[in-house]
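All chains are named by letter (A, B, ...) in the order of the sequence lines, taking the proteins before the strands, and each is independently numbered beginning at 1.
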Number of protein chains: 2
Amino acid sequence: MKIGEAAKESGVNAKLIRHYESIGIIPKAARSEAGYRKYSEADVHILKFVKRSRALGFSMKEIKKLVGLWRNKSRASLEVKNLALKHVEEMENKIQELQDMVRTLRHLAKNCHGDSRPDCPILEDLATSR
Amino acid sequence: MKIGEAAKESGVNAKLIRHYESIGIIPKAARSEAGYRKYSEADVHILKFVKRSRALGFSMKEIKKLVGLWRNKSRASLEVKNLALKHVEEMENKIQELQDMVRTLRHLAKNCHGDSRPDCPILEDLATSR
DNA sequence: CATCCACCTTCCAACGGTTGGAAGGTCAAT
DNA sequence: ATTGACCTTCCAACCGTTGGAAGGTGGATG
């Protein structure tokens with residue numbers, strides 16, 4: 001399988017596949033005589049694994065670990081679970097941050113006329129030191 | 001006021017102040033004879049405005065607009081309000097995304113022993129095409 | 001006056017994750 | 001023989017921030 005087909009199969013862009021290889025997320029692909037990268041079904045499987053991990057918000061660093069754990073059949077599930085829960089915690093912190101911002105901005109926007117007049121509580125807030 | 005003092009006053013790092021100037025977020029600072037940037041209280045005020053806007057999650061592009069609107073006394077509050085509400089909407093989308101990921105991962109983690117055994121529903125999920 | 005230190009200057013590069021382009025090689029079909 | 005679809009590598013961009021290197025300036029000390 002050449003990279004284009006592996007891309008189609010896995011749903012991961014060919015460019016991105018090369019990138020993942022270059023940063024060591026996935027193993028270096030075997031090469032054909034002409035120098036083309038060759039992929040097996042197992043390789044495609046890894047790519048799908050990476051894609052799914054990205055969709056769950058893991059960083060590339062975390063994914064590197066996850067791929068390692070996945071391929072190591074003697075891993076402890078504790079390690080995976082801790083990685084996942086740490087990630088969940090980070091996402092929850094991010095959510096909290098965003099919600100705070102949304103709350104503040106919604107409040108400010110509610111008190112803003114939103115017409116052709118220039119006075120605007122949003123700008124007033126931004127311009128105020130706290 | 002030199003850049004260090006302006007940084008302390010505004011809470012914006014000196015390095016970041018230069019960066020903001022270079023990308024046109026804030027006007028080019030006046031210079032002393034030796035070439036040092038000089039800042040007024042008004043400049044510090046702009047820096048605080050930018051800082052506060054960042055804290056509310058606005059992108060630099062949006063902040064550029066906001067600074068422009070703030071300094072333009074004949075602006076319409078509608079424009080500011082729309083900018084703010086568009087930003088709120090984006091943040092709410094992001095929150096939704098994150099919540100979906102958290103929900104999925106929490107569910108997977110709950111079914112994971114989290115001990116020394118290797119079998120792990122989290123990895124199984126990641127390895128499954130959908 | 002010399003020296004020291006804290007400050008300032010510019011320029012260049014890195015982080016993460018992805019995407020784009022340029023310039024060129026390879027392979028199959030027309 | 002030429003086209004066109006694919007592949008290769010390398011380099012740069014996005015965003016916002018931070019870091020370092022290499023050098024100039026200002027004011028206080030010895």
Side-chain angles (χ1 to χ4, degrees), chain A residues 1-26 28-39 43-44 46-67 86-87 90-91 94 97-98 101, chain B residues 1-26 28-39 43-44 46-67 86-87 90-91 94 97-98 101:
Chain A
M1 213 185 305
K2 281 184 286 184
I3 198 169
E5 204 183 337
K8 212 175 289 178
E9 283 273 313
S10 65
V12 179
N13 198 287
K15 248 182 160 147
L16 210 34
I17 297 179
R18 292 192 198 97
H19 177 62
Y20 287 163
E21 180 183 314
S22 80
I23 61 175
I25 297 288
I26 56 174
K28 289 197 178 182
R31 299 289 183 133
S32 74
E33 286 191 7
Y36 289 8
R37 286 176 181 79
K38 290 190 300 182
Y39 295 91
D43 294 324
V44 170
I46 299 185
L47 287 169
K48 286 181 183 168
F49 182 98
V50 173
K51 189 185 165 92
R52 172 70 178 155
S53 303
R54 281 299 298 153
L56 287 175
F58 287 101
S59 70
M60 295 321 289
K61 206 171 177 177
E62 289 165 330
I63 292 176
K64 204 165 176 172
K65 277 188 212 156
L66 285 172
V67 172
K86 191 175 132 263
H87 175 50
E90 286 164 4
M91 287 196 288
K94 185 71 192 167
E97 261 181 52
L98 286 169
M101 296 184 206
Chain B
M1 212 185 311
K2 280 184 286 186
I3 199 169
E5 204 183 338
K8 213 175 288 176
E9 284 272 314
S10 65
V12 180
N13 198 285
K15 253 186 152 138
L16 210 34
I17 297 178
R18 291 192 198 96
H19 177 60
Y20 286 164
E21 179 183 316
S22 80
I23 61 174
I25 296 290
I26 56 174
K28 289 197 178 184
R31 299 290 183 132
S32 75
E33 285 192 6
Y36 289 8
R37 286 175 180 79
K38 292 191 297 183
Y39 295 92
D43 292 326
V44 170
I46 299 185
L47 287 169
K48 286 180 182 168
F49 182 98
V50 173
K51 189 184 164 92
R52 171 70 176 154
S53 302
R54 280 300 295 154
L56 288 177
F58 287 101
S59 71
M60 296 320 289
K61 206 171 177 178
E62 289 165 331
I63 293 176
K64 204 164 177 176
K65 277 188 213 157
L66 285 172
V67 172
K86 190 174 133 263
H87 176 49
E90 286 165 3
M91 287 196 286
K94 185 73 192 164
E97 261 182 52
L98 286 169
M101 296 185 205

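If B/F58 and A/K15 are placed on DNA chain D by their nearest nucleotide, the residue sitting closer to the 5' end is A/K15. Each of B/M60 and B/S32 was matched to the nucleotide of DNA chain D holding its nearest heavy atom; the match closer to the 5' end belongs to B/M60. Mapping A/E33 and A/H19 onto DNA chain C by nearest heavy atom places A/H19 at the nucleotide closer to the 5' end.
When side chains are defined from C-beta on, A/I63 does not count as touching A/Y20, because their heavy atoms never get closer than 4.5 Å. Using a 4.5 Å heavy-atom threshold, the side chains of B/R37 and B/K28 count as separate. Side chains of A/K94 and B/K94 form no contact here, defined as non-hydrogen atoms less than 4.5 Å apart.
Protein atom CD1 of B/I26 is 15 Å distant from nucleotide atom P of D/dG16, rounded to whole Å. In this structure, the CD atom of A/E21 is 17 Å from the C1' atom of C/dG17, given to the nearest Å. The nearest whole Å value for the distance from the CG atom in A/L16 to the C1' atom in D/dC14 is 15 Å. Spacing between atom CZ of B/R37 and atom P of D/dG26 amounts to 15 Å, rounded to whole angstrom units. Straight-line distance from the NZ atom of A/K64 to the P atom of C/dG16: 10 Å, rounded to whole Å. The nearest whole Å value for the distance from the NZ atom in A/K61 to the P atom in C/dT18 is 16 Å. Following rounding to the nearest Å, B/I23 (CD1) and D/dT18 (P) show an atom-to-atom distance of 13 Å. Distance, A/K2 NZ to C/dT26 P: 13 Å, rounded to whole Å.
The closest donor-acceptor contact from the side chain of A/K2 to the backbone of A/Y36 lies at 3.5 Å or more, if one exists at all. Between the side chain of A/H87 and the backbone N or O of A/E62 there is no donor-acceptor pair closer than 3.5 Å.
In this structure, A/Y20 reaches the sugar-phosphate backbone alone: every heavy-atom distance under 4.0 Å involves primed, P, OP1 or OP2 atoms, never a base. Within the 4.0 angstrom heavy-atom criterion, only backbone atoms of the sugar-phosphate kind lie near B/I3; the bases stay farther away. Here B/R18 lies in heavy-atom contact (under 4.0 Å) with a base.
With D/dG26, C/dT18, D/dT8 as the candidates, the nucleotide lying closest to the side chain of B/Y36 is D/dG26. Comparing C/dG17, C/dC8, D/dT25 by their nearest atom to the side chain of A/S59 picks out C/dG17.
Put simply, B/R31 has no side-chain N or O that comes within less than 4.0 Å of OP1 or OP2 on D/dT25.
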